[in-house]
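Okay, structure first, notes after.
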Amino acid sequence: MRGSAFFRSIPNLITVGRLILVPVIVATISAQAWVTAFTLFVLAGVSDGVDGYIAKHFDLRTELGAYLDPLADKALLISIYVALALEGILPPSVAILVVSRDVMIIGAVIVSWVLEQRVEIRPLAVSKLNTVVQIVLAAMVLAAKAFGLSLDPWLSVMIGLVVTLTLASMAAYLAQWLRHMSG
């Protein structure tokens with residue numbers, strides 16, 4: 001029985017491991033240990049796929065995992081964007097936008113709960129695309145720093161995509177939330 005409980009918690013343990021990696025990755029960015037930062041970022045990304053695969057394939061999905069997984073993903077992306085902005089690699093306005101979107105979503109959920117109109121946030125297509133583009137930009141920047149690659153001309157294009165998709169995602173979630181709250 002004990003082994004079974006451990007087996008059932010493997011996806012959540014992997015997710016917790018990803019959460020633990022967040023401050024380590026930020027510290028490596030701050031120390032400008034770019035190869036390590038890039039490697040750990042890739043490891044975190046792989047762990048996200050692995051925990052999801054295990055949870056789905058072995059039917060080990062849990063309510064805790066449903067909260068932990070997106071929390072770990074957002075903690076990772078927000079922290080990396082803020083760290084890269086603090087290092088002067090990404091514009092601070094991009095980091096502020098990425099953080100603001102997630103704060104808006106969390107705030108909307110909290111207001112919904114307080115007003116006893118609990119809202120279930122389901123990822124929208126634009127939000128999924130936004131997350132992918134945010135990950136690609138972070139990986140691109142870390143890889144460029146790690147391996148001495150040029151970001152020209154792609155950095156401006158990717159920043160533009162991140163800004164556009166983040167704003168579109170914010171608008172879509174806000175519209176969905178407003179419909180829910182007035183319905």
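The basis for the numbers below is simple: all heavy atoms, side chains too, and nothing from hydrogens, waters or symmetry mates. Throughout, residue positions are numbered sequentially from 1 according to the sequence presented.
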Heavy-atom nearest pair, Pro123 first then Lys128, reads CB-CE, 3.7 Å
Report the distance from atom [atom1] of [X] to atom [atom2] of [Y], rounding to the nearest 0.5 Å.
X	Y	atom1	atom2	result
Ile135	Leu76	CD1	CG	8.0 Å
Arg101	Gln134	CZ	CD	6.5 Å
Ser169	Leu129	OG	CG	9.5 Å
Gln117	Ser182	CD	OG	9.0 Å
Thr164	Ile159	OG1	CD1	11.5 Å
Leu165	Thr131	CG	OG1	9.5 Å

Could you tell me which residues satisfy ring-ring contact (aromatic ring centres under 6.0 Å, His included) with Phe58, sequence neighbours excluded, listed by chain and number?
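Listed in chain order: Phe7.
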Please list all pairs meeting side-chain hydrogen bond (donor to acceptor under 3.5 Å, both in side chains) that have one or both residues in residues 33-47, counting only residues at least two apart or in different chains.
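Counting only pairs at least two positions apart or across chains, the side-chain hydrogen bond (donor to acceptor under 3.5 Å, both in side chains) contacts touching residues 33-47 are Arg18-Ser47.
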Between Thr62 and Asn12, is there a side-chain donor-acceptor contact under 3.5 Å, judged purely by atom types and distance?
yes
Has Thr28 got a side-chain atom pairing as donor or acceptor with Ile25's backbone, closer than 3.5 angstrom?
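Yes.
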Test side chain to side chain contact (heavy atoms under 4.5 Å, CB included) applied to Tyr81 and Leu97, Val99, Leu137, the passing residue
Leu137
Same apolar cluster: Val42 and Ile80, side chain cutoff 4.5 Å:
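Cluster IDs for Val42 and Ile80 match.
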